[in-house]
Amino acid sequence: MNAETPLAIQTEQLWRVYPCRIETGESGVPALRGIQLRVEYGQFVVLRGRSGSGKTTMLNCLAGLDRPTSGDIHVLGRNLKEMSDQELTVWRREKIGLVFQSFGLIATLSAYENVELLLRIMGTDPAESHRRTLECLELVGLSRWRNHRPYEMSGGQQQRVAIARALANRAQLILADEPTGELDSKTAIEILGFFRDLVETSHLTVLMASHDPLVDRYAGRVLNLKDGMLPDSEA
């Protein structure tokens, strides 16, 4: 990797240690151990590892949802350690798209309303918000389902709504945490193919946490996270 290539994600000696109770006699439980990670713009990268390997902690740190214990973390040209919680909230809302295993949709809202809500929170002009919401639902193939609520849709359709929501703010980086974890193999393949197409056609950067072996067919890079560590050869 060329050292001069602009990076979407760069971490240096990233540690996240969760404190223990005093009575255990332990100083803390390390979830991330000195992570060195480089991700170029326009890549589809997967963090693969067993449950407890640190995948979700890693994504939370990169999204500014969790603060690392030590080390440096730069995402989309910003040093997250230098940003306040309020700055991180605004930055995340405007630059990052988040996709979760459990979809994270509001059950009482339609597909349209779940996507449009983020734009409303951002203060987007109503006409533009309407246009962008329909555009994102069209992108994921759910225009005909825009008035359906989550319980009226399949798991794959719900995940597509979640992806549309993540794209609504024209995010430069999508962070996806086990997005195929609750889907059958056929639907998982469709979702992974959709992520790959997004990267190729829209030049987005996608970092996905997954233990699904299907990801090998679709990702540009697969990094194996084990006990909070990445081999130097993979980072």
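Values reported hereafter were calculated over all heavy atoms of this structure, with side chains retained and with hydrogens, waters and symmetry mates removed.
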For [X] and [Y], work out which heavy atoms get closest and say how close.
X: Val115; Y: Arg165; result: CG2-N, 3.9 Å
X: Ala166; Y: Val99; result: CB-CG2, 3.8 Å
X: Leu225; Y: Gly54; result: CD2-C, 3.5 Å
X: Pro68; Y: Leu14; result: CB-CD1, 3.3 Å
X: Pro150; Y: Asn114; result: CG-ND2, 4.2 Å
X: Val46; Y: Ala219; result: CG2-CB, 3.5 Å

Could you tell me whether the side chain of [X] and the main chain of [Y] form a donor-acceptor pair under 3.5 Å?
X: Lys55; Y: Leu47; answer: no
X: Arg146; Y: Tyr112; answer: no
X: Arg92; Y: Gly64; answer: yes
X: Thr11; Y: Ile35; answer: yes
X: Gln36; Y: Gln13; answer: yes
X: Gln159; Y: Phe100; answer: yes
X: Arg50; Y: Lys226; answer: no
X: Ser53; Y: Asp227; answer: no
X: Asp177; Y: Ala209; answer: no
X: Arg221; Y: Val45; answer: no

Worked verdict on Leu167 versus Ile174 for side chain to side chain contact (heavy atoms under 4.5 Å, CB included): CA-CA 8 Å; Leu167 296 172; Ile174 302 293; 4.0 Å; yes
How far does [atom1] of [X] sit from [atom2] of [Y], to the nearest 0.5 angstrom?
X: Leu65; Y: Leu80; atom1: CG; atom2: CG; value: 10.5 Å
X: Trp145; Y: Gln157; atom1: CH2; atom2: CD; value: 4.5 Å
X: Gln10; Y: His74; atom1: CD; atom2: NE2; value: 7.0 Å
X: Arg132; Y: Leu137; atom1: CZ; atom2: CG; value: 10.5 Å
X: Leu32; Y: Asn60; atom1: CG; atom2: CG; value: 9.5 Å
X: Glu94; Y: Asn169; atom1: CD; atom2: CG; value: 8.5 Å

Co-membership, hydrophobic cluster, residues [X] and [Y], 4.5 Å side-chain:
X: Ile121; Y: Ile106; answer: yes
X: Leu173; Y: Met83; answer: yes
X: Met229; Y: Leu37; answer: no
X: Phe103; Y: Leu139; answer: yes
X: Leu142; Y: Leu109; answer: no

Non-hydrogen side-chain atoms of [X] and [Y] separated by less than 4.5 Å:
X: Glu138; Y: Leu134; result: no
X: Thr180; Y: Leu214; result: no
X: His211; Y: Ser51; result: no
X: Leu88; Y: Arg67; result: yes
X: Ile163; Y: Leu198; result: yes
X: Phe44; Y: Met208; result: yes
X: Glu190; Y: Arg160; result: yes
X: Arg217; Y: Arg196; result: no

Go through Val199 and Tyr218 one step at a time and tell me if the side chain to side chain contact (heavy atoms under 4.5 Å, CB included) criterion holds. CA-CA 11 Å; Val199 171; Tyr218 299 91; over 6 Å; no
Could you list the cluster mates of Leu119? Members are the ILVMFWY residues connected by side-chain heavy atoms closer than 4.5 Å, either directly or through other members.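 Members alongside Leu119: Leu118, Met122.
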Does Trp15 sit in a hydrophobic cluster with other residues, and if so which ones, taking ILVMFWY side chains as linked at heavy-atom separations under 4.5 Å, directly or through other members?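 Hydrophobic cluster check, Trp15: joined to Val17.
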Please check if atom CD in Gln86 has more than 12 non-hydrogen atoms from other residues, nucleotides or ligands closer than 6.0 Å.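 At most 12 heavy atoms, drawn from other residues, nucleotides or ligands, come within 6.0 Å of this atom.
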Using a strict threshold of under 4.0 Å (side-chain N to carboxylate O), is an ion pair present between Arg149 and Glu152?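 Between Arg149 and Glu152 there is no salt bridge, as every charged N stays at least 4.0 Å from the carboxylate O atoms.
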Is the shortest distance from a Lys or Arg side-chain nitrogen in Arg38 or Glu12 to a carboxylate oxygen in the other one below 4.0 Å?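 Glu12 and Arg38: salt-bridged.
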Criterion side chain to side chain contact (heavy atoms under 4.5 Å, CB included) on Glu178 and Ser210, from CA distance to verdict: CA-CA 5 Å; Glu178 300 282 4; Ser210 178; 4.0 Å; yes
Give the intermediate values and the outcome of side chain to side chain contact (heavy atoms under 4.5 Å, CB included) for residues Ile73 and Cys61. CA-CA 8 Å; Ile73 179 167; Cys61 286; 4.1 Å; yes
